[in-house]
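Read the structure below first, then the notes.
Letters A, B, ... mirror the listed sequences (proteins, then strands); counts begin at 1. Only this structure's heavy atoms are used, side chains among them; waters, hydrogens and symmetry mates stay out.
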There are 2 protein chains.
Amino acid sequence: MSRGFGRSAGAPTLEDVARAAGVSRATVSRVVNGVRNVDPVIQDAVRRAVAATGYAPNRAARSLVTRRAETIALVVSGADDDSPSASTAFAGRTVTDPFFGRVVTGVVQFLRPRSMHPVLMFAESPADRDHVVSYLRQGSADGALVVSNHADDPLPAQLAAAGLPAVVFARPALPVPLSCVDLDHREGARLAAEHLLALGRARPVTITGPTALPAVQERLGGFRDTMARHGVTAVPVAEGGFSQESGEAAMARLLARHPDLDAVFAANDVMAQGACHVLRDRGRRIPEDVAVIGFDDGPVAASCRPALTTVRQPVEDMAAEMARLLQGHIEHPDRPATTVVFAPRLVLRESA
Amino acid sequence: MSRGFGRSAGAPTLEDVARAAGVSRATVSRVVNGVRNVDPVIQDAVRRAVAATGYAPNRAARSLVTRRAETIALVVSGADDDSPSASTAFAGRTVTDPFFGRVVTGVVQFLRPRSMHPVLMFAESPADRDHVVSYLRQGSADGALVVSNHADDPLPAQLAAAGLPAVVFARPALPVPLSCVDLDHREGARLAAEHLLALGRARPVTITGPTALPAVQERLGGFRDTMARHGVTAVPVAEGGFSQESGEAAMARLLARHPDLDAVFAANDVMAQGACHVLRDRGRRIPEDVAVIGFDDGPVAASCRPALTTVRQPVEDMAAEMARLLQGHIEHPDRPATTVVFAPRLVLRESA
DNA sequence: GGATAGCCGGAGAGCGCTCTCCCATTCTCC
DNA sequence: GGAGAATGGGAGAGCGCTCTCCGGCTATCC
């Protein structure tokens with residue numbers, strides 16, 4: 001931390017290091033960035049000068065000329081605009097949701113070795129979305145990773161229209177010329193259905209998420225189709241909102257209409273957990289009386305009782321892939337958008 | 001999005017706007033930043049030109065001259081250096097931990113109205129910490145918010161030594177000249193103890209976190225002292241590691257040694273939940289046979305069964321206060337470090 | 001009416017860096 | 001040994017912005 005040189009009061013600059021090493025600014029820059037060959041002797045002198053002055057390259061100055069922020073935005077987006085309370089409900093749900101943590105983990109996994117760090121942004125209103133767009137247009141970040149919880153989130157389209165590099169998690173409702181990562185939801189649902197069938201369950205019900213989401217549709221379709229293929233033609237459905245309470249409510253409705261149900265497939269773990277609570281309160285044993293399968297395999301799945309049998313979504317890998325795709329789009333602006341689909345896996349625990 | 005002007009291929013610059021509006025660069029800058037009086041007529045022309053060109057000020061250029069990044073770093077820090085597996089264990093634990101989400105929520109609450117966004121960083125190794133320090137020294141962020149999960153995390157001291165603005169969550173083990181926010185842990189433990197005493201419990205046990213943490217010490221001390229003051233002199237203790245498994249293991253040990261226990265005070269909700277599982281597995285009813293009190297009041301507390309009675313830590317408020325303090329330090333570098341202590345609150349649910 | 005103050009716009013100097021030229025030196029090969 | 005190629009360092013022009021200074025203008029006051 002010894003300064004000594006930088007008589008210019010502030011932090012030492014390239015100029016200071018150059019003077020200390022007795023070379024030009026350009027040479028120091030070359031050594032610092034490891035570009036072009038530089039005489040080992042001079043390299044050494046420069047490195048010593050860097051250490052002596054405690055030099056740290058100024059990021060703003062570098063960005064100004066390279067036109068790269070070396071930063072990406074991680075945008076959590078999509079609360080309903082016209083619902084006044086949506087804003088807080090959403091923030092509460094998603095940021096505290098372990099799903100969010102898993103996304104962060106995956107993104108950081110990819111970014112860290114590259115010494116990059118995500119900027120966290122939340123887009124819940126039209127103003128927020130404009131802000132995200134202008135943030136990128138200002139060059140504060142080179143691209144965006146978007147996680148919407150709303151099927152018709154307009155942000156991806158805005159980003160695409162502005163020609164900004166972006167990758168989205170889960171295919172948006174209306175096609176957008178952006179790369180995205182997604183899960184094979186139909187396959188996940190098929191896995192769940194076949195497991196329940198193998199268990200001999202013949203009166204399954206399902207708790208879906210908001211049916212506007214394509215992913216929700218696919219899970220439902222996959223489940224129904226598989227069941228139908230095995231002769232189970234009618235699968236009662238209740239729609240939930242991904243929250244535990246909504247799962248409880250949905251379960252209660254299903255139980256009232258179909259007291260003889262023997263299996264539940266919920267569109268996420270949290271609702272599955274809610275369903276378990278209700279089932280237990282009504283004296284049903286899990287999995288003996290009712291088998292329950294969730295979706296996601298978030299941290300709750302393993303820690304709740306009974307531990308949840310669930311369809312694992314490799315969120316961390318998917319998030320890391322988003323980052324990788326984004327990097328590709330940033331470095332090669334003309335690269336066409338692609339969709340990477342991940343395979344789900346059934347994780348067997350206690351509930352089914 | 002109509003461009004039209006910027007013949008300079010890239011994004012429109014101040015220069016482009018100035019030309020379009022028929023004024024000087026300085027005037028455009030003044031209008032954009034709302035500094036000094038500018039003739040309303042000219043202001044209007046400038047605004048029109050801004051809209052017409054689709055101008056967005058370049059952040060790097062601005063930062064270069066203002067010496068402000070208008071960005072702060074949110075650093076999650078503290079895995080044990082010498083334990084090879086600590087890195088992943090930590091990342092998994094903390095990022096997925098709802099606690100982290102609550103911190104983010106609080107920080108964003110403060111930052112958002114100011115159009116700022118946190119950069120997420122993880123510091124688990126000495127190299128990571130050096131990286132955080134140099135990131136700040138590069139001017140990539142104006143200051144850091146540090147959340148350590150390790151009592152003797154060296155990062156705060158490094159930051160302080162480098163003279164960088166930083167605020168830490170929870171007082172570090174060894175005093176560091178940085179502002180911090182903390183909870184009155186003794187008071188929280190007292191609240192829990194008195195509630196158990198009021199319930200008529202006389203054979204309480206407690207599951208602590210890693211005893212190296214000052215907060216853990218205070219919770220334990222506060223619990224013991226309050227109990228002692230009411231005649232309960234011996235409180236069996238088992239140390240946990242804040243994870244559910246560690247809570248389960250601790251509970252099992254306590255149960256083996258003190259089968260007649262009638263109350264458990266756990267140092268966090270997750271361990272309390274683990275304790276509940278073990279107690280139930282051993283046939284103990286909660287709260288009839290054993291009353292359980294957790295700490296934190298994270299999202300799990302309300303959603304697990306039985307819903308947890310717990311000591312609420314206002315994490316969001318604390319995190320927002322961190323951001324506020326940091327802003328103060330950034331704007332007034334000479335402001336002395338302060339500690340803001342928050343009051344806990346007992347939240348009554350089913351478990352006690 | 002002239003001197004002084006106040007207001008507002010423009011000119012221009014950088015902020016710290018990268019990167020393209022350019023030039024000096026050494027190497028290579030006939 | 002001399003022409004050509006390669007190698008490695010320096011000079012200097014900006015990147016897009018802010019901000020100080022300056023100058024021209026109008027308002028104010030004796």
Side-chain angles (χ1 to χ4, degrees), chain A residues 5-47 49-50 53-70 134 136-140 142, chain B residues 5-47 49-50 53-70 134-135 137-140 142:
Chain A
F5 295 81
R7 40 101 217 241
S8 33
T13 74
L14 255 199
E15 188 78 47
D16 296 324
V17 179
R19 206 176 311 122
V23 297
S24 76
R25 230 166 45 233
T27 302
V28 179
S29 174
R30 285 197 267 259
V31 173
V32 169
N33 296 304
V35 63
R36 257 185 48 173
N37 264 359
V38 174
D39 187 310
V41 178
I42 294 188
Q43 251 185 67
D44 211 63
V46 169
R47 273 188 235 292
V50 166
T53 50
Y55 171 73
N58 180 303
R59 170 90 66 127
R62 178 179 290 179
S63 285
L64 184 56
V65 31
T66 60
R67 297 162 173 292
R68 277 290 174 74
E70 300 296 347
S134 70
L136 291 172
R137 296 196 53 230
Q138 287 175 11
S140 304
D142 301 322
Chain B
F5 294 83
R7 39 99 216 240
S8 33
T13 73
L14 255 199
E15 189 77 48
D16 297 323
V17 179
R19 204 175 314 120
V23 298
S24 75
R25 233 166 44 236
T27 302
V28 178
S29 174
R30 284 197 268 261
V31 173
V32 169
N33 297 302
V35 63
R36 260 186 46 175
N37 264 0
V38 173
D39 187 309
V41 178
I42 295 187
Q43 252 184 68
D44 211 62
V46 170
R47 273 189 234 294
V50 166
T53 51
Y55 171 73
N58 180 302
R59 171 90 68 126
R62 179 179 288 180
S63 284
L64 184 56
V65 32
T66 60
R67 298 163 172 291
R68 276 290 175 74
E70 300 297 345
S134 70
Y135 190 82
R137 296 196 52 229
Q138 286 177 10
S140 304
D142 301 322

Report summary line: Sorted by chain and residue number, the side-chain contact (heavy atoms from CB on, under 4.5 Å) partners of B/Asn33 (sequence neighbours excluded) come out as B/Ser29, B/Val35, B/Arg62
Requested in this report: Could you tell me which non-hydrogen atom of A/Gly54 sits nearest to which non-hydrogen atom of A/Pro12, and how far apart they are?
Outcome: O-CG, 3.6 Å
**Report entry** Axis-to-axis angle between the two ends of the helix from C/dG1-D/dC30 to C/dC30-D/dG1 (five base pairs per end, rounded to 10 degrees)
**Finding:** 30°
Requested in this report: Go through DNA chain C in 5' to 3' direction and return only the first and the last nucleotide with some atom under 4.0 Å of chain B's heavy atoms.
Outcome: C/dC8 to C/dG16
**Report entry** Closest heavy-atom pair and its distance - A/Val46, A/Val17
**Finding:** O-CG1, 4.2 Å
Query raised in the report: Considering residues at least two apart in sequence or located in another chain, which fulfil the salt bridge (charged side-chain N to carboxylate O under 4.0 Å, His left out) criterion with A/Arg30?
Result: none
Query raised in the report: Can you name the side chain to side chain donor-acceptor pair (under 3.5 Å) partners of B/Thr27, sequence neighbours left out?
Result: B/Ser24
**Report entry** Check: B/Thr13 main-chain N/O paired with B/Asp16 side-chain donor or acceptor under 3.5 Å
**Finding:** yes
Requested in this report: Kindly write out the residues that satisfy side chain to side chain donor-acceptor pair (under 3.5 Å) with A/Arg47, not counting sequence neighbours, or none if the list is empty.
Outcome: A/Gln43
Query raised in the report: With B/Ala61, which residues qualify under side-chain contact (heavy atoms from CB on, under 4.5 Å), at least two apart?
Result: A/Leu64, B/Asn58
All N/O pairs under 3.5 Å across the protein-nucleotides 9-11 of chain D interface:
unit_1	atom_1	unit_2	atom_2	d
D/dG9	OP1	A/Asp39	N	3.1
D/dG9	OP2	A/Asp39	N	3.4
D/dG9	N7	A/Arg30	NH2	3.4
D/dG9	N7	A/Arg36	NH2	2.4
D/dG9	O6	A/Arg36	NH1	3.1
D/dG9	O6	A/Arg36	NH2	2.8
D/dG10	OP2	A/Ser24	N	3.0
D/dG10	OP2	A/Ser24	OG	3.0
D/dG10	OP2	A/Thr27	OG1	2.6
D/dG10	N7	A/Arg30	NH2	2.9
D/dG10	O6	A/Arg30	NH1	3.4

**Report entry** Listed partners of B/Ser140 passing side chain to side chain donor-acceptor pair (under 3.5 Å), at least two apart
**Finding:** A/Arg59, B/Gln138
Report all interatomic pairs (protein N or O, nucleotide N or O of nucleotides 26-28 of chain D) with separations under 3.5 Å.
none

Requested in this report: Could you tell me which non-hydrogen atom of B/Ala20 sits nearest to which non-hydrogen atom of B/Thr53, and how far apart they are?
Outcome: CB-CG2, 4.3 Å
Query raised in the report: Between B/Ala69 and B/Gly139, which heavy-atom pair has the shortest distance, and what is it?
Result: CB-O, 3.2 Å
**Report entry** For A/Asp39, side chain to side chain donor-acceptor pair (under 3.5 Å) partners two or more places apart
**Finding:** none
